[in-house]
Amino acid sequence: MNAQGWAEIAATIAITVALGWPLGIYLGRVWAGERTWLDPVLKPVERLVYAGCGVKPEKGQNWVAYAMSLLAFSAASFVVLYLILRFQDLLPLNPQGFAGLSPHLAFNTAVSFVTNTNWQSYVPETTVSTFSQMAGLTSHNFLSAAAGIALAAAVARAFAANRSDNLGCFWVDLTRISLYVLLPFSLVIAIAYVALGEPQSLLANVTAHTVEGGKQTIALYPTASQEAIKQLGTNGGGIFNANSAHPFENPNPITNLIEIISMNVLSYACVVAFGRLVLARKEARALVAVMALFVLGASAAIYATETQAAPALVAAHADAGVNMEGKEVRFGAPSTAVWAAATTGASDGGVNGMHDSFMPLGGGVAMFMIQLGEILPGGVGSGLYGMVVMALIAVFVAGLMVGRTPEYLGKKVEAREVKYAMLAVLILPLSILGFSAVATVLPTALAGLLNHGPHGLSEILYAYSSATGNNGSAFAGLTANTPWYNTTLGIAMLLGRFAYIVPVMAIAGSLAAKPKLPATTGTFPTDGPLFVGLLVGVILIMGGLQFFPALALGPIVEHFQALQMVAAR
Amino acid sequence: MPPSQFPSRSLRRIGAIPCSSIPARPDRLESGMFDLFYLTLGIGVFALFAAYVFGLRGV
């Protein structure tokens, strides 16, 4: 650890939050349907989309219609993507001559990209054709991200509404967010990536001749364009197996910084846009503070653990100042730490280092960030509505303590909303711990492990946490391309996305129908340090109660085993 | 595959190629059944979520 490392971490987070503010103001205008500087170019395209799809933009939807539109869109996307992946050998733009994916892998991959998870049970550069990558996967990077941001807009409208059932129109939100936010910003970032050295090519692999006379096959893809939306949409699925540790995906420290910023900035922007729409800017600031505090805390914890000497090397009397296993030398420990915190807190899943190679507690912190619900700052859109659920639980707890009916942003929080909130948050332990428990006793599942003991448990736990949290990063060490893992991880991704969204939309519908109440002297303030502290405590306690026993058997036991190894040298 | 693992003594005697060394050719019927299974599974889960929406509406 050194001052430069700490400064790098602090500056990265500060720049991300600072950029989230203007982007949030712009996003708020897009949500509200206000005029933007892109209107002259994009308004005709937007009208054309509505005309072509038969959408009436002025017609709003209640929460049931909004949720059903999302489900119908996602189900249709799943079927189309499944068919593209299965039959990529019959489709154009397959210069590599790849065969279609197996049925269980196509299921897992289709679910993964429709749910904004981007878990990859396959090696992309030897499995997926250029057409599948562009028309199948990259397009869903845009659409699944837009769907998440659309839901956040609907939740914001619920708080802004006064006795209404209108949450906006899903199809309009999906179109406007894709056209006015994701496409233009991705285009700019992709051009920057090309300028910084990332390839953008439709050619098949090229063969290089090495100095030893051998041949090396180098895969090429339209990498820069995929990389831009991969991070901006908190997708995280790499075009190469090594993800952003690969020099084509992340060639230098500048692309590394842009990638970290772009994987969190839109999630912060969603909160700022929420504050703008609900006229609760101070309350939005409090939510941003909670998110940034967690990212800072997790980055610091990972940086501290990763700059300790690796116990196995210490035991072998080897020089081991920093744990560099699985880290890129060009990025170093601080950048890897802040990336790991940002990607696991944001449901992104892209990696620039291998989490499996972290020290046990470093890997444990990354896993815990996922298990806290992907709200710190969370996926695009999903981070906001997940944080709002936690805020409702926090004001409910505060209400119990002072004996008043809790309120949040002018809406009374009653039994119905708290029940819905609990239905949403309980899906995480149900899926993560349920599937992990079965996998730890099933021979078919255990056959996929490369490590046993506590590290093996961590690998299984991380996989189901990542899938349920729609994160998509892998702890490695787990052979996941099997019918068991592809099927169960696919179901976990669906549960983590849609079994969470349905009660959130029910909360939105319930709150929208309530009157907007003015704040009184008895209203619990939700914009100050007291609320920030309460919210941090609620998130930590809920996460701790749900997952600490499992973490104690995985990374924590492994940490003590490592200490024992050092003590016994 | 070592010769002792050939499927049968008679096949070993004639030097037949073990099954595992023949490149796998997808059985279209079997593959189609799996496609049907996974598409039904995916759509079925979405149908359950739709039922969940209507279930919560009634609460």
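Throughout, protein chains are lettered first and strands after them, A, B, ... in sequence-line order, and every chain is numbered starting at 1.
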If every non-hydrogen atom of B/Y38 is compared with every non-hydrogen atom of A/P483, which pair is closest and at what distance? OH-O, 4.2 Å
Which of A/I491, A/V111, A/T487 touches chain B most, by non-hydrogen pairs under 4.5 Å: A/T487
Structural part of A/Y82 lying under 4.5 Å from a heavy atom of chain B: side chain
Compare every heavy atom of A/P103 with every heavy atom of B/S31, then report the nearest pair and how far apart it is. O-CG, 4.3 Å
Is chain B contacted by the side chain of A/S74, its backbone, both, or neither, given a heavy-atom distance below 4.5 Å? both
Please say whether more than 12 non-hydrogen atoms of neighbouring residues, nucleotides or ligands are located less than 6.0 Å from OH in B/Y52. yes
Quick check: closest heavy atoms across B/F49 and A/V502, and the distance to 0.1 Å? O-CG2, 4.2 Å
Closest heavy-atom pair and its distance - B/V53, A/W63: O-CH2, 3.4 Å
Once you round to the nearest 0.5 Å, how far does CZ of B/R57 lie from CE of A/M505? 14.0 Å
Is it the side chain or the backbone of A/A75 that comes within 4.5 Å of chain B heavy atoms, both, or neither? both
For residues 35-54 of chain B, which residue pairs pass the salt bridge (charged side-chain N to carboxylate O under 4.0 Å, His left out) check, not counting sequence neighbours? A/R86-B/D35
Segment of A/V64 engaging chain B (4.5 angstrom heavy-atom cut-off): both
Taking all heavy atoms of B/L56 and all of A/P503, pick out the closest pair and write down the distance. CD1-CA, 3.7 Å
Chain A heavy atoms under 4.5 Å from B/V45: which part of the residue, side chain, backbone, both or neither? side chain
Of all the heavy-atom pairs spanning A/L494 and B/F46, show the shortest one and how long it is. CD2-CZ, 3.8 Å
